[in-house]
Amino acid sequence: MSEIILEATYETLFMVIGSTFFAVVLGFIPAIILTLTAPEGLRPNKAVYQVLDVIVNAFRSFPFVILMVLVIPLTRAIAGKAIGTTAALVPLTISAIPFVARVFESS
């Protein structure tokens, strides 16, 4: 029984740490763009800010289960399979990027 728990703990940590790492790395890009193009930013650009703001807000409110199903083709292309811990990194990362971008932008 302890082997099963140990393996499940490893898989959980792999998914959490992996998706967090990729979400932070990939969420940094839209966060910087949002910060720079904000009305009080260094390079204000209303059009870019509004488009990216809508995209971030839309993805933040998108249900994870639906996103997971929609990105199955992308998951297969990146991870080589659609089921498993490695495959779970793709939708977890995609769903976390807007949250990371918003946190980075606000701080």
A side-chain contact here means heavy atoms from C-beta on lying under 4.5 Å apart; do [X] and [Y] qualify?
X	Y	answer
M15	L92	yes
V56	L34	yes
T85	Y10	no

Show me the donor-acceptor pairs within less than 3.5 Å that the side chains of residues 99-107 make with the rest of the protein, sequence neighbours left out.
| from | atom 1 | to | atom 2 | distance (Å) |
| --- | --- | --- | --- | --- |
| R102 | NH1 | D53 | OD1 | 3.1 |
| R102 | NH1 | E105 | OE1 | 2.6 |
| R102 | NH2 | D53 | OD1 | 2.6 |
| R102 | NH2 | N57 | OD1 | 2.9 |
| E105 | OE2 | Y49 | OH | 3.3 |
| S106 | OG | R102 | O | 3.3 |
| S106 | OG | V103 | O | 3.0 |
| S107 | OG | V103 | O | 3.1 |
| S107 | OG | F104 | O | 3.4 |

Between [atom1] of [X] and [atom2] of [Y], what distance do you get to the nearest 0.5 Å?
X	Y	atom1	atom2	answer
I78	T93	CD1	OG1	8.5 Å
L36	L52	CG	CG	11.0 Å
I55	R60	CD1	CZ	14.5 Å
I94	F22	CD1	CZ	12.0 Å
R43	T35	CZ	OG1	15.0 Å
I83	R76	CD1	CZ	7.5 Å

Say whether [X] and [Y] are linked into one hydrophobic cluster, either directly or through other cluster members, by side-chain heavy-atom distances under 4.5 angstrom.
X	Y	value
V25	I33	no
V65	I72	no
I66	V71	yes

If you compare all heavy atoms of [X] against all heavy atoms of [Y], which two are closest, and at what distance to 0.1 Å?
X	Y	value
P30	I97	CG-CG2, 4.4 Å
P91	A87	CD-O, 3.2 Å
S95	P98	O-CD, 3.6 Å

Parallel, tilted or perpendicular: which one describes the rings of F59 and F62, with boundaries at 30° and 60°?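 F59 and F62: tilted rings.
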CZ of F21: more than 12 outside heavy atoms within 6.0 angstrom?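 Atom CZ in F21 is not packed in, count stays at 12 or less.
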Can you tell me if CZ on F64 sees more than 12 non-hydrogen neighbours from other groups inside 6.0 Å?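 Atom CZ in F64 is packed in, count exceeds 12.
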